[in-house]
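A note on names: the letters A, B, ... follow the listed sequences, proteins ahead of strands, and every chain is numbered from 1.
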There are 4 protein chains.
Amino acid sequence: MSLNSFGHVFRFTTWGESHGPALGAVVDGCPPGIPLTEADIQPFLDARRPGQSRFTTQRQEPDQVRILSGVFEGRTTGTPISLMIENVDQRSKDYGDVAKAYRPGHADYAYDAKYGFRDYRGGGRSSARETAARVAAGAVARKVLDGVAITGWVSEIGGDAIDPARFDAAEIGRNPFFCPDAEAAARWEKRVDEARKAGSSLGAVVECVATGVPAGWGAPLYAKLDAELAHAMMGINAVKGVEIGDGFAAARNTGEGNADPMRPKRPDEGNAGPAFLANHAGGVAGGISTGQPVVVRVAFKPTSSILTPMPTITREGAATELFTKGRHDPCVGIRGVPVVEAMMALVLADQKLLHRAQTGR
Amino acid sequence: MSLNSFGHVFRFTTWGESHGPALGAVVDGCPPGIPLTEADIQPFLDARRPGQSRFTTQRQEPDQVRILSGVFEGRTTGTPISLMIENVDQRSKDYGDVAKAYRPGHADYAYDAKYGFRDYRGGGRSSARETAARVAAGAVARKVLDGVAITGWVSEIGGDAIDPARFDAAEIGRNPFFCPDAEAAARWEKRVDEARKAGSSLGAVVECVATGVPAGWGAPLYAKLDAELAHAMMGINAVKGVEIGDGFAAARNTGEGNADPMRPKRPDEGNAGPAFLANHAGGVAGGISTGQPVVVRVAFKPTSSILTPMPTITREGAATELFTKGRHDPCVGIRGVPVVEAMMALVLADQKLLHRAQTGR
Amino acid sequence: MSLNSFGHVFRFTTWGESHGPALGAVVDGCPPGIPLTEADIQPFLDARRPGQSRFTTQRQEPDQVRILSGVFEGRTTGTPISLMIENVDQRSKDYGDVAKAYRPGHADYAYDAKYGFRDYRGGGRSSARETAARVAAGAVARKVLDGVAITGWVSEIGGDAIDPARFDAAEIGRNPFFCPDAEAAARWEKRVDEARKAGSSLGAVVECVATGVPAGWGAPLYAKLDAELAHAMMGINAVKGVEIGDGFAAARNTGEGNADPMRPKRPDEGNAGPAFLANHAGGVAGGISTGQPVVVRVAFKPTSSILTPMPTITREGAATELFTKGRHDPCVGIRGVPVVEAMMALVLADQKLLHRAQTGR
Amino acid sequence: MSLNSFGHVFRFTTWGESHGPALGAVVDGCPPGIPLTEADIQPFLDARRPGQSRFTTQRQEPDQVRILSGVFEGRTTGTPISLMIENVDQRSKDYGDVAKAYRPGHADYAYDAKYGFRDYRGGGRSSARETAARVAAGAVARKVLDGVAITGWVSEIGGDAIDPARFDAAEIGRNPFFCPDAEAAARWEKRVDEARKAGSSLGAVVECVATGVPAGWGAPLYAKLDAELAHAMMGINAVKGVEIGDGFAAARNTGEGNADPMRPKRPDEGNAGPAFLANHAGGVAGGISTGQPVVVRVAFKPTSSILTPMPTITREGAATELFTKGRHDPCVGIRGVPVVEAMMALVLADQKLLHRAQTGR
C-alpha cells in the first residue's frame, strides 16, 4: 500500500492517466502455473466499460487489455504480469476552464496543493479511468481464488433501495444498473434518466459478497481482512463509506441482537468448522475470516460533474464559477460494481497467500 | 501495514497479549529532536484506561508507560522509540470454558482456524487491551503533528444520537461517555446502566475531527488519506463501519446537494488556498487533504461479551452454550474515542512525512 | 524490495522477459515538477545497449524508451512514470535444447525448482535484458539527484586491473570497455577478443563513485546506505561480490591503517562538515553518508554461456551436455557499468527522499 | 527493510541503544505452533556475549533474554514475539570527549549530520550492542528452518587466513576465535593479543554456510536470495564487503573455470534435483537457491576504537584529537560470527515463507 502499489505478497501497481496514451497494471507475486489469457480478463473490463448505456458516460473506450509479460504458453510464470490498456477516446477538447480553475468536489485543488502542478486533462491520474487497471488486475486475482465466488450489485441509488426479499442474483446482469431487484431497476431507470437529463447526479450504495472464503484469512492486527477491505474500497474514486456485515446498523444494536451463534455442522454440511446462525459480522471476526460469506457495503457519492454552475476559485485565487460540459456519469456508483468486485478479489488473493506464508496452509 | 506494523515512513509495531507480562509499541521513523517524555503519553493512556467509571470494564490497569529507547536528554533521536506498558491485573481466573469452546462474536474460532492454536486468556492478542499500545504510539504521533488538533467524541449510543445543535467540545471531558451534548450524556447514563445491569451491551458511533491539516497530505492512489483512515479505523477492535465526511448520507444525495463550493479567502482568513462553503467531503478529495477539517465517523458494534447464554460449539465440534462471566465493557465504543484519536494521529503523522518525502514540503 | 519492486519512497517496479513483446519499469514516488523527456533517459540506454562493439552480444536492440504516464507538459506530475522498451530482435531460434535441459551456471534449474515451470526463451525473466528497465528507471533517479555525479568504470577484466595512477575519467567513454586507463583498455581488447574467439568468457570488476552526496543519507539500522547498495548491486545479473570503500582490503588492515581522520574545512572548502584525510570507509559510516564520495566495487562473474560443452541434466533427470550457441557477451561485466550506475542512482534517490521524510531536510 | 525492520513476511524490528535500559526485537510473522522458550535463544546470545575472553571487549553483559509475548504454553501463537534484553553494565563513564568531538571511523559525525543530534553514550543506536537483538531474533528464525544447518566461522584475521585443508568444524567451538583451523587459532591468539596490548585493532573475514536449503528459495528480481544476504550482511556493524560463493575470485576466472556442471543424482543421493560437480555460485543462481550449500563471506574492518590519537573535529568545527579509552574489541569480526549466522537464518526463514506464499510449497 505504498503510493501506487497495493497488497503484501500478491501485489499490483497501476499507472496511467485519463488522457495519456495508455494505462496499466503490473501484477507481482502471482503463483506460477495458472492458466491465463486476455480472455480471462476482458469480460470484467467489458462490464466496467463506459458508453454501454445512456446511464453511464458516453466516452467510448474498447478497453482492450494486452498481457505484456509474466505468461508463457498460456500459464503464469510467477514473474510480473504487465497488463496494458490503450486510451482511444481522449476526445480533443478545450480544457482551458479546468486548467485555470478548480472543479468543486474534484481532486483538482488537492492535486495542485500537493504537487504544485497537475495534469488537468480529464482529471489526469485522479480520473476513474484508472479503475480499469484495477479491474484487469482483479481478474488475475480471481484466478488465484479457486473456489471463491464474488458477486457485487447496486443496492441503492439516490436513497431508493432494493427490496431484499426480491433479491435475484440472475437479475444483476439483465439491467444496466447491476440491480438484483427488477422492480428497483425499473424505478432507477426513470430516476437516473431524470438526473441525467437535468445534468444532475446521484449517489449509490454497492454491496459485494464473497462466498467460499475459508476460515483463517486475514492477518491481525494491522493487516486484518476487514481493515484491508476498508482500505481497498475507500480508495475507489467517489467512495465515502464502507461497512463490513451490519456496519453502522450494528452500532445501533445490542449484544444479543448482533450475536452470530454457532452450532455443529450436520453431516450433510461437511464437518469442518461451525455452522453460524447469523452473519451480522459479515464473515470477519478479529480481522480473520470465519468461513461465512464476506460482506461489504460501499457508499458512492454523486459525481461532482454536474451542469449546475458552482462557485469556485481560479489557480490565481480569483472567484469564478464552473460547471461540467460534456460526458459524465449521472451515477458513478453503477460502474463501481466491477471495481468493488475487483478490489474484493485483490484483497482476498493477497490474504490467501499471506496466510499460506505464515501457516503453510 | 504488514501484520503487526502500520505506516509507511512513520511506522509503529505493536506486540503483547491481554494476559502476558506486558505489551508495547515500537515507533520507527520519528523525526529527531522532538521533546518527548512519558508525561506526553500518559494522559492519553489515562483517558483510555479501564475501570474509571461503572460504564467500562472493572479491570484495574494503571497503564503506566515506559520509554525504553529512542529518546536522549528529553528529545527523540530519530531511532526507534520503544514503549512498554506492564499488565498488572491479569486476574487469575478459570479460563476452562473459553479454552474449550468458542465465544460467539469473538475472534476465538477465527484464531483457532488460522493458527490452529490460541492464547485464550482474555482473548490473547485479539483483546482490546492492545489498543493501549496504539494510544501510546498515537501520543508520539501527535508530537509530530504540530498545529493539528484532533478531537473525538461519542455521537451515538445504541441508536440514541447527540443533537448537533447542542455540541459543546468542552462537555466531552465532563462525562464518562466522551459526549459533547450534556443532555445526551444524561440519557446515556441511564441507558448504559440498564445494559450493564442486564448483562447486555450497546453499540456506539465515534466521530473524530482533525483541524489544522494543510492541503496536500495523502498519497494517491493506494495510500490515499481516506483509504488509510478507513484501514486504521476498521482495524480497531469491534469496528464495523467507517465514513469520511458525509459517508453513506452522500450516497443518498445529489451532486448539487453534496457540493463543496469554494470562494477566495478574505484577507482576514489568510491568503493560501480557497475557503470552502461546505465540507461534505470531510476534508479529503482524490485521497488528498483539502485543508478543511478531516472528518471520520466510526461504528462500534456492541461487545459480544454478554450474560445471555449463546449457542456455540466446542473445539471438538460439540454443541454447547457460553456466556461471559465477570468484567466487561457494556459499551466498548466509549473507550474507543482515545483509540480513534490515536489512529487519526498515526495516519496523519505518517502522511505528513510521506508528503514531505516526495515534495520536500 | 518485494519481489519486483525496489525502494522505499522512490520506488520502481520492473516487468518483462527477454523474448516477450516488451519490458518496462514503473517509477513511483518521483517528486513532481522535474523536467523529464525520453531524451533524458535514452543516452543511458544507449550506453547499455548490446551490439555496439564486437565485445558484447550481437543482439540488436534499439532500446527506444517511451514514457507512457507521469509526465505532463514535460514535467513529472508526482504520479507513476511508466517506461516501456519494446523488444525487437527476439531472433526466432530453436530453444529445444534449453527447454529440455538446464544450462549450468544459469538460472534454468533454479527457476524450474521454484516455479515448476519457466519461460526458457533467452532466459525469460532471468535475462540480463531486464537491466534495460533498471537503466531507464535510473535515468529518472539521476534527475532527482541534483548535484550528485555518478561515474562507473571497469577496473579489472579477467584479473587484469587498471593502474590507478593512470586513471583518466575522460578515457572511460573512449573505449568499448568503460576503461579509465588507456593502456589497460588496449590489453583488454586483445584479452576479450581471445575469449570471444575461443567461445570463452571473462569476469570483471566494476567500480562506481558518487560525488556530491551530502552527509546524512541512509537510514539505520535496516535501510543503511551501504546495505541498500549491497542489495542493489548483488541483485544485478552475474554479480557475486560487493565492496564499500576498501571492502575486503579493510579486513586485512589495522585500525590505524584504516582510519579516516578529519580536520576542519578551510574557508575555500566551504564551512559545513569536516574535511576527511582518507576515505577507506567509501563515504559511509554507521550506514549513513559522510559527505565523502560513495565508493562501491562490484564483482561480475564470467558468463556461463560458453562454447565448451558442460555436463548437465535434462528436466527429466537424464545426463546430457550443453553449450551455448549463438550470441553472447564474452564479458558481461562491461555492460554492467551503466547498470551499476543506475542502481547507485536509484538507491541514492530513494535515500534522499527517505531522509527528507524523517528530517525535513 | 524499512528503517528498523527487516524481512518481508518473517519480519523483525529492533530497538534500543548501547546505554539505554534495554534493547529488544519484535519478531513478526512467525508460523504458529513452534516450540519456543528462552532456552532456545540464550545459547546464541551466550556465543555473542562480550567479556568471555581477553580477545573481546570486557563489558560484562549477561544478555539474558525474556520473551514478553507471542508464546503460549511453550509454543508460538503466530502473533508478535517480543524479545527483551536488559542492559546491565552501562558503566558510568565520562562521555565528555565523545559528546564534544567526532571519533574518526565511527558513526558519530554521520549521526549528527543526519539527525542534528545523537545519543553519544557508547555509540547509542550505532553500537554493535544492537546485534544482540539480531542474534535473539535469529534464534527464532532457526526454529522456522527445520532441516537447515547454519555454521559460521572466522576464516581470516588481519590477513592471516586459515588453511582450508585443515578445516575442522568441531574446532570452531574450541577456541575464542570461532576458528576451524587449530593452527591458525594458535597464530591468531598471538596476533590479536599483540593488537590488544598495542591498543590497535585487526580486521577479519567471516564465512558462513547454510546446508539443507532446498532449491527454490529467493524471489527474483528484487528480493533475490543473494541480494538479501548482501543487504543483511553489509548492514552488520563494521562490515565492508560481501561475497556469495567465489565472490571476487569469480571476477578473475573464466566461464570454464567458474562452471558448476551437473549430473543426475545417484539413487543413494535421493532423486530430487541434480548433483552439482562444483559450487562456485555459492548455492544461488538467478537469485534462487539451487539446493547446494549457501555460502557467504563477510569482511569486517578493524574497529576504529584504538589507542592511537587521531585528528578530528569538534561539533563546533575546531581541530582536536581523539583516542579510545577503556573497553573495546581488538577484533570485532570475532563476535561477528553469531551475528552473521543470525542474519543468514533471518534471511532464509523469510525467504522460506515468501516462497511458500507464492507457490504453496
Side-chain angles (χ1 to χ4, degrees), chain A residues 1-4 6 8 104-105 107 110 113-114 126 159 200-201 203-205 215-216 219 221-224 226-227 230-231 234-235 240-245 247-248 250-256 258-264 274 285-286 288 290 299 301-302 306 308 310-313 317 319, chain B residues 1-4 6 8 104-105 107 110 113-114 126 159 200-201 203-205 215-216 219 221-224 226-227 230-231 234-235 240-245 247-248 250-256 258-264 274 285-286 288 290 299 301-302 306 308 310-313 317 319:
Chain A
M1 329 247 177
S2 76
L3 284 69
N4 293 280
F6 185 92
H8 302 269
K114 181 174 193 70
S126 73
S200 179
S201 65
V205 175
L221 291 181
Y222 296 104
K224 285 181 171 177
D226 42 4
H231 190 294
M234 195 67 94
K240 302 303 289 184
V242 182
E243 296 182 315
I244 304 291
F248 279 83
R252 285 140 202 162
N253 209 338
T254 62
E256 295 77 21
N258 193 56
D260 293 330
M262 293 172 260
R263 61 162 175 78
I288 302 173
T290 61
K301 70 172 186 180
I306 50 177
T308 309
M310 286 283 160
T312 189
I313 64 169
Chain B
M1 331 249 176
S2 75
L3 283 71
N4 293 278
F6 185 91
H8 302 270
K114 182 174 192 69
S126 72
S200 179
S201 65
V205 176
L221 291 179
Y222 296 104
K224 284 180 171 178
D226 41 5
H231 191 294
M234 195 68 93
K240 302 303 286 184
V242 181
E243 297 181 316
I244 304 291
F248 278 84
R252 284 139 203 162
N253 209 338
T254 61
E256 294 78 22
N258 193 56
D260 292 332
M262 293 173 258
R263 63 161 175 76
I288 303 171
T290 61
K301 70 172 185 179
I306 51 177
T308 308
M310 285 283 159
T312 188
I313 65 170

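If you tally non-hydrogen atom pairs under 4.5 Å between each of Ala251(B), Gly203(B), Ser201(B) and chain A, the highest count goes to Ala251(B). No other option in Ala110(B), Gly105(B), Ser126(B), Gly245(B) has as many heavy-atom pairs under 4.5 Å with chain A as Ala110(B). Most heavy-atom pairs under 4.5 Å with chain B: of the set Gly286(A), Ala113(A), Pro302(A), this distinction falls to Pro302(A). Chain A forms more heavy-atom pairs under 4.5 Å with one residue of Gly159(B), Ala227(B), Ala215(B) than with any other, namely Ala227(B). When each of Glu256(A), Arg263(A), Lys114(A) is scored by its heavy-atom pairs under 4.5 Å with chain B, the top score falls to Lys114(A).
No donor-acceptor pair closer than 3.5 Å links the side chain of Lys240(A) to the backbone N or O of Gly247(B). Side chain of Lys301(B) to backbone of Ala250(A): no donor-acceptor contact under 3.5 angstrom is found.
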* To do: Might you work through the side-chain contact (heavy atoms from CB on, under 4.5 Å) test for Arg252(A) and Val205(B), ending with a clear yes or no?
  => CA-CA 8 Å; Arg252(A) 285 140 202 162; Val205(B) 176; 4.3 Å; yes
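The heavy-atom pair separating Phe248(B) from Ala299(A) by the smallest distance is CD2-CB, 3.5 Å. Pro261(A) and Pro104(B) get closest at one heavy-atom pair: CA-CB, 4.1 Å. Across every non-hydrogen atom of Leu221(A) and Asn4(B), the tightest pair is N-OD1, 3.1 Å.
Proximity to chain B is limited to the backbone of Ala204(A), based on heavy atoms less than 4.5 angstrom apart. Of the two parts of Ile306(A), only the side chain, counted from C-beta on, holds a non-hydrogen atom closer than 4.5 Å to a non-hydrogen atom of chain B. Of the two parts of Asn258(A), only the side chain, counted from C-beta on, holds a non-hydrogen atom closer than 4.5 Å to a non-hydrogen atom of chain B.
If you take NZ on Lys224(A) and CG on Leu3(B), they are separated by 12.5 Å, rounding to the nearest 0.5 Å. The CE atom of Met262(B) sits 11.0 Å away from atom CE of Met310(A), with the distance rounded to the nearest 0.5 Å.
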